[in-house]
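Below is one structure, written out as structure tokens, with a few remarks after it.
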Amino acid sequence: MGASMMVMVGILTPAESYASIDTGTLLLLLGLMMILGILESKGIVRTFVKVLMYGSVTPLGLLARVSMLSGIISAFIMNDGAALILSVVVVKICNKFTLPLAPYMMAMATSANIGSAATPLGNPKNMVVHSEAGISFVDFVRKMGLPALAGLVLNTLLITLYFRNQLGSSKFSKDPALSEDDSDNEDDAEDDETAEMNKEFAMMQKVSSMASTAINEDTPLMNRQTSFEPMQNRWMAKVTEVQLKTYQDIIDEDPDAKDIYDDVRKTGPQASSPVVDPGPALELASKFGYPVDPQVLAELDEDIKTETEQERKSVRGGAQPSHFADSLHTSAIAIVIVMMYVGFVLNFPLGWTTMAAAILLIVLERSAEGVYDIDWQILIYIIGMFVVITGVNKSPFTKVSWNVVKPLVTSKNPLISVGGFCLLVIVLSFIFTSIPTVLLVSPHLNSLEGPMQPYAWLLLAWSVTLCGNLTIFGSVAGVIASQKAEAAGESISFMTWFKFAFPATLLILGVGACILVTV
């Protein structure tokens with residue numbers, strides 16, 4: 001809405017609004033979302049469970065592991081992605097051992113934000129700073145890596161000290177449900193359950209699938225594409241072959257059926273959600289005596305099982321996928337990801353390199369799994385922010401405001417200039433949130449003079465990232481931690497977060513700023 005208003009009232013022309021959008025940042029964010037979705041589908045959650053529960057561990061030791069692991073992985077898959085993945089792991093472990101969620105969720109979220117400061121991939125603010133400042137990937141990591149690592153270690157020490165009385169130091173034995181062998185059995189059970197759900201899902205939608213696959217009458221029936229899995233596609237094709245004529249006859253004979261038919265089309269496989277409500281279709285079948293023969297359905301189901309088994313056996317030269325084939329596939333995925341980071345080091349464009357890696361992974365997986373995990377709301381929000389802040393920067397407001405604080409930021413005293421700049425970023429982050437703060441401040445940094453000049457861009461990235469930890473709602477990672485904890489039956493209050501995070505964040509922010517300007 002704000003971006004549209006900027007054009008409607010004439011503050012920006014359409015060409016200026018398009019030019020304000022940083023496509024490199026959007027491509028980088030989009031590619032990382034897709035890669036993260038693929039990694040989740042490959043079982044990365046189970047891997048993190050095993051890492052956290054390796055060997056003998058105490059509740060406080062587990063807290064330290066959660067904190068460090070969250071900070072490390074957030075530098076490579078974004079802080080929001082780290083929070084989404086590890087929140088599932090933390091809830092699972094805490095439920096198994098009856099541990100309080102709040103300390104682990106707070107460690108996970110705060111460390112994810114701190115660790116994300118280390119690379120341009122860590123969070124959207126860093127992506128914008130990297131793009132606007134023209135800092136190479138290697139230089140960014142070299143300068144921001146040490147403050148981020150020091151901040152991560154300090155945060156881990158502080159949070160373990162803060163919760164030492166609550167968690168104690170008694171050891172607990174590893175739950176059998178989290179052992180590697182049983183984890184594999186659990187995975188097999190989940191696969192069986194998923195297969196059964198797919199079967200029931202296909203049977204539930206036998207009528208609605210038939211209606212929606214018949215939407216395009218110009219396309220041959222067996223060539224029509226849907227968004228469901230191959231097993232469900234075959235169900236639709238087979239049931240449609242048997243029953244389509246009857247279904248069409250119903251509509252031709254009774255015009256009242258058309259409205260219900262239209263409802264079926266809206267909820268069919270071409271809808272945006274894979275979950276189809278069979279209600280309208282079943283209503284139509286009941287109303288007009290749609291023939292549903294259990295024997296026919298049983299035969300179709302048996303055909304599907306046979307075809308599915310034959311497909312599995314035909315993979316890679318007619319044999320079932322071997323352990324070697326699985327390892328080769330996993331190695332190919334790892335090679336793609338490693339080559340992506342090699343491209344970063346060689347200073348290839350981050351956005352295009354990430355998108356190329358994401359597309360290669362989708363081809364390797366032969367699945368669009370990563371596309372389903374794209375958070376379009378974040379992308380649209382960032383596009384809007386680019387346009388809005390460009391419009392705001394054209395107004396006198398930002399120039400007047402910058403002139404007020406400029407003497408403080410350009411002071412000859414490094415302590416005053418660095419401290420004043422960090423304070424400015426904190427205040428703006430509270431008022432405008434993080435990404436708008438970056439876009440508001442960045443136009444003034446290239447012309448900055450004084451001792452702050454060499455560090456201004458990095459201090460902006462560091463300060464605005466750390467500001468996300470000041471309150472529980474200051475970052476997406478904090479919101480994820482709060483929502484996941486509440487869904488698991490334990491809420492994290494504003495004051496519980498604030499008592500630890502506010503003073504700890506100010507301390508870590510100061511330490512990191514000192515490292516940036518002195519090392």
Side-chain angles (χ1 to χ4, degrees), residues 2-3 6 12 15-37 74-82 112-113 116-141 143-144 340-341 343-359 370-371 373-393 425 428-429 432-446 456-458 460-465 467-468 475-477:
M6 287 291 172
L12 293 176
E16 288 174 329
S17 67
Y18 296 143
S20 68
I21 299 171
D22 189 335
T23 54
T25 298
L26 292 178
L27 287 174
L28 175 58
L29 195 55
L30 178 63
L32 285 175
M33 289 177 180
M34 295 166 66
I35 292 171
L36 178 60
S74 67
F76 300 98
I77 61 173
M78 291 197 305
N79 52 352
D80 302 348
N113 287 330
S116 72
T119 71
L121 312 177
N123 59 67
K125 286 87 69 177
N126 281 9
M127 297 176 192
V128 175
V129 168
H130 170 269
S131 176
E132 294 288 329
I135 305 173
S136 70
F137 182 87
V138 173
D139 285 343
F140 192 102
V141 174
K143 295 175 181 177
M144 293 292 288
M340 179 183 73
Y341 285 100
F344 296 159
V345 172
L346 296 177
N347 211 26
F348 289 178
L350 297 191
W352 290 107
T353 304
T354 306
M355 278 301 299
I359 293 170
V371 177
D373 290 271
I374 296 172
D375 192 332
W376 297 107
Q377 289 183 338
I378 290 180
L379 294 176
I380 293 171
Y381 168 77
I382 292 177
I383 290 172
M385 280 298 100
F386 279 128
V387 178
V388 169
I389 300 304
T390 300
V392 172
N393 280 331
V425 171
L428 290 176
S429 295
F432 297 104
T433 71
S434 58
I435 294 177
T437 296
V438 173
L439 296 174
L440 282 169
V441 175
S442 57
H444 306 281
L445 297 187
N446 287 328
W457 284 104
L458 300 176
L460 175 62
W462 175 251
S463 301
V464 80
T465 299
C467 285
S475 69
V476 176

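Contact check for Tyr381 versus Ile435: side-chain heavy atoms found under the 4.5 Å cut-off. Proximity of Ser17 to Phe386: side-chain heavy atoms (C-beta onward) are nowhere separated by under 4.5 Å. Side-chain contact between Pro120 and Val141: present, with at least one pair of heavy atoms (C-beta onward) separated by less than 4.5 Å. No side-chain heavy atom of Met127 sits under 4.5 Å from any side-chain heavy atom of Leu350. For the pair Leu28 and His130, the minimum side-chain heavy-atom distance is 4.5 Å or more. Taking the side chain as every heavy atom from C-beta outward, Ile35 and Phe76 never approach each other to under 4.5 Å. Considering only heavy atoms from C-beta on, Val128 stays 4.5 Å or farther from Asp22 through its side chain. A heavy-atom distance below 4.5 Å is not found between the side chains of Asn347 and Val138.
Within the model, atoms OG1 of Thr354 and CD1 of Ile359 stand 11.0 Å from one another, a figure rounded to the nearest 0.5 Å. Note that CE of Met33 and CG of Leu379 are 4.5 Å apart. Values are rounded to the nearest 0.5 Å. Here CG of Leu30 is found 5.5 Å from CH2 of Trp376. Values are rounded to the nearest 0.5 Å. Taking CG from Leu439 and OG1 from Thr390, the interatomic distance works out to 7.0 Å, rounded to the nearest 0.5 Å. Rounding to the nearest 0.5 angstrom, the gap separating the OG atom in Ser475 from the NZ atom in Lys125 is 7.0 Å. The distance from the CG atom of Leu26 to the CD1 atom of Ile380 is 11.0 Å, given to the nearest 0.5 Å.
Checked against the 6.0 Å centroid threshold, Phe140 and Phe137 do not count as a close aromatic pair.
Considering every non-hydrogen atom in both Ala357 and Met340, the closest pair reads CB-SD, 3.7 Å. Nearest heavy atom pair, residue Val464 against residue Ser434, reads CG2-O, 3.5 Å. The heavy-atom pair separating Ala117 from Thr465 by the smallest distance is CB-CG2, 4.1 Å.
One N or O on the side chain of Ser429 and one on the backbone of Val425 form a donor-acceptor pair closer than 3.5 Å. Between the side chain of Thr119 and the main chain of Ala75, a donor-acceptor pair closer than 3.5 Å is present. Formation of a donor-acceptor pair under 3.5 Å by the Asn126 side chain with backbone atoms of Ser116 is found in this model. Of the possible polar contacts, one joining the Thr437 side chain to the Leu428 backbone as a donor-acceptor pair under 3.5 Å is found. Between the Ser74 side chain and the Asn79 main chain, no donor and acceptor come within less than 3.5 Å of each other.
Residue-environment remark: OH (Tyr18) stays at or below the threshold of 12 foreign heavy atoms within 6.0 Å.
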Tell me, with the steps shown, if Asn123 and Asn113 meet side-chain contact (heavy atoms from CB on, under 4.5 Å).
CA-CA 8 Å; Asn123 59 67; Asn113 287 330; over 6 Å; no

Yes or no on side-chain contact (heavy atoms from CB on, under 4.5 Å) for Met6 and Val392, after CA distance, side-chain angles and deciding distance?
CA-CA 9 Å; Met6 287 291 172; Val392 172; 4.0 Å; yes

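Here Asp139 pairs with Ile135, Ser136, Arg142 under the side-chain contact (heavy atoms from CB on, under 4.5 Å) rule; sequence neighbours left out.
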